[in-house]
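Report on one structure; see the data block that follows.
In what follows, chains are A, B, ... by sequence order, proteins preceding strands, each numbered from 1. Please read these numbers as outputs of a predicted model, since none were measured by experiment.
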Protein chains: 2
Amino acid sequence: MSDVFKALADPTRRQVLERLKSGPKSAGELAADFPVSKPTMSAHFAVLREAGLVTTERQGKSLIYHLNVSVLEEALLGFAGLFGLGSDTPKGDTQ
Amino acid sequence: MSDVFKALADPTRRQVLERLKSGPKSAGELAADFPVSKPTMSAHFAVLREAGLVTTERQGKSLIYHLNVSVLEEALLGFAGLFGLGSDTPKGDTQ
DNA sequence: TAGACAATTAGCTATTCATCTAACTATTGT
DNA sequence: ACAATAGTTAGATGAATAGCTAATTGTCTA
């Protein structure tokens, strides 16, 4: 879970997740939206993958990235819940 | 807002926020709960303060730290809302 | 089997970060 | 004014991070 927050600490990675919200995209498609090199993007993808925030699927020459919303939800709402935030979650300990 | 996620990336800082959930505490009280030196804790406090997650108030020799829940809420639920998570927030753009 | 294309890994650099000890600032009490 | 207490600032260090170019791996197609 610390991995998730570490992953979310970088603005580029948060934006990648947002792009993925509208559906799976290839590494190349994603990389095209950002002003950094492909290897740099590849490193960001690796961080997201290791945190469980995205999964990959090969499609021909391309690697397709899928958003894993449940991991995001568990981290964000889980932590928010510790503070009585986020609808109704009643103080469950989600470390 | 990136400052908030950066602040949340460190486990010690997340735990400080959790300790603060039950009410304001002095720097010394907080520091006593963690296995790091006081200057290190002081640096963590500074990060939390700059992110707006805590506020301080002097009380005699002590500095009292207060949790600022609204900043935490805005970041956590705001970002979660972008993904349709967290109760009802309907995809508002909160960058 | 080449060649082209997609993406990652290798190797490097500069910056940021968490940590420490030592020194300083601020407040209280005698 | 002095000593004690609470906390921060200064300065240093090792590890992690984000970035780059060049080289490698994997997949398709002519």
Side-chain angles (χ1 to χ4, degrees), chain A residues 1-20 23-68 71 75 79 95, chain B residues 1-20 22-68 75 79 95:
Chain A
M1 138 141 176
S2 208
D3 288 337
V4 174
F5 279 106
K6 280 256 189 86
L8 294 178
D10 186 274
T12 296
R13 288 193 292 262
R14 286 198 305 277
Q15 282 167 32
V16 166
L17 295 178
E18 288 186 52
R19 300 286 182 286
L20 249 25
K25 290 185 179 32
S26 73
E29 273 180 292
L30 289 166
D33 292 348
F34 298 89
V36 296
S37 70
K38 273 202 224 194
T40 295
M41 287 306 290
S42 200
H44 282 309
F45 297 151
V47 171
L48 291 170
R49 210 183 315 116
E50 273 144 41
L53 285 163
V54 299
T55 56
T56 52
E57 169 210 0
R58 176 129 237 156
Q59 210 165 90
K61 286 183 272 193
S62 300
L63 265 182
I64 308 295
Y65 281 86
H66 298 252
L67 176 62
N68 189 346
V71 168
F79 189 68
Q95 160 144 230
Chain B
M1 139 142 173
S2 208
D3 288 337
V4 174
F5 279 107
K6 280 258 190 84
L8 294 178
D10 186 275
T12 297
R13 288 192 292 262
R14 287 198 305 276
Q15 281 167 34
V16 166
L17 295 178
E18 288 187 52
R19 300 285 181 287
L20 248 26
S22 58
K25 291 187 179 31
S26 73
E29 274 179 292
L30 288 166
D33 292 348
F34 298 89
V36 296
S37 70
K38 274 202 224 192
T40 295
M41 288 306 291
S42 200
H44 282 309
F45 295 151
V47 172
L48 292 170
R49 211 182 315 116
E50 274 145 41
L53 286 163
V54 300
T55 56
T56 50
E57 170 209 0
R58 175 130 238 154
Q59 209 166 90
K61 284 182 275 192
S62 299
L63 264 183
I64 308 296
Y65 281 87
H66 298 252
L67 176 62
N68 189 345
F79 189 68
Q95 159 137 239

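Listed for the B/R14 side chain is a donor-acceptor partner under 3.5 Å among the backbone atoms of B/L8. Judged purely by atom type and a 3.5 angstrom limit, B/R13 has no side-chain atom pairing as donor or acceptor with the backbone of B/Q15. Panel note: side chain B/S22, backbone B/R19; a donor-acceptor pair is recorded below 3.5 Å.
Of all nucleotides in DNA chain D having an atom under 4.0 Å from a heavy atom of chain A, the first and last in 5' to 3' order are D/dT17 to D/dC28.
Counting non-hydrogen atoms under 4.0 angstrom, B/S26 reaches the backbone sugars and phosphates but no base. Residue A/F34 is out of contact with every strand shown, counting any heavy-atom pair closer than 4.0 Å. Counting non-hydrogen atoms under 4.0 angstrom, B/S62 reaches the backbone sugars and phosphates but no base.
C/dC20 atom P lies 11 Å from atom CE of B/M41, rounded to whole Å. Between A/Q59 atom CD and C/dA6 atom C1' there is a gap of 13 Å when expressed in whole angstrom units. Across the protein-nucleic acid pair, A/E50 atom CD and C/dT9 atom C1' stand 13 Å apart, rounded to whole Å. Nucleotide C/dA7 holds its P atom 12 Å from the CZ atom of A/R49, rounded to whole Å. For the pair A/I64 CD1 and C/dA6 C1', the computed distance is 11 Å after rounding to whole Å. Taking atom NZ of residue A/K38 and atom C1' of nucleotide C/dT9, one finds them 15 Å apart after rounding to whole Å.
Phosphate contact (OP1/OP2 of C/dT19, side-chain N/O of B/T40, threshold under 4.0 Å): absent. In this model, the phosphate group of C/dA6 is not approached by any side-chain N or O of A/Y65 to a distance below 4.0 Å at OP1 or OP2. Side-chain N/O atoms of B/S37 include one lying less than 4.0 angstrom from OP1 or OP2 on C/dC20. Taking side-chain N and O atoms only, A/R58 has no distance below 4.0 Å to OP1 or OP2 of C/dA7.
When side chains are defined from C-beta on, A/V47 does not count as touching A/K6, because their heavy atoms never get closer than 4.5 Å. Side-chain contact between A/V16 and A/D33: absent, with no pair of heavy atoms (C-beta onward) separated by less than 4.5 Å.
Residues A/A75 and A/F5 share a closest heavy-atom pair of O-CZ, 3.9 Å.
Both A/G60 and A/A9 sit near DNA chain D, but only A/A9 has its closest nucleotide nearer the 5' end. Residue-to-nucleotide proximity on DNA chain C shows that, of A/T56 and B/H44, the 5′-proximal contact is made by A/T56. With the nearest nucleotide of DNA chain D identified for both A/P39 and B/G28, B/G28 has the one nearer the 5' end.
Under the side-chain hydrogen bond (donor to acceptor under 3.5 Å, both in side chains) test applied with A/Y65, the options A/E29, A/K25, A/E57, A/R49 reduce to a single match, A/R49.
Listed nucleotides C/dC5, C/dT28, C/dT8 differ in distance to A/K61; the shortest reach to its side chain belongs to C/dC5.
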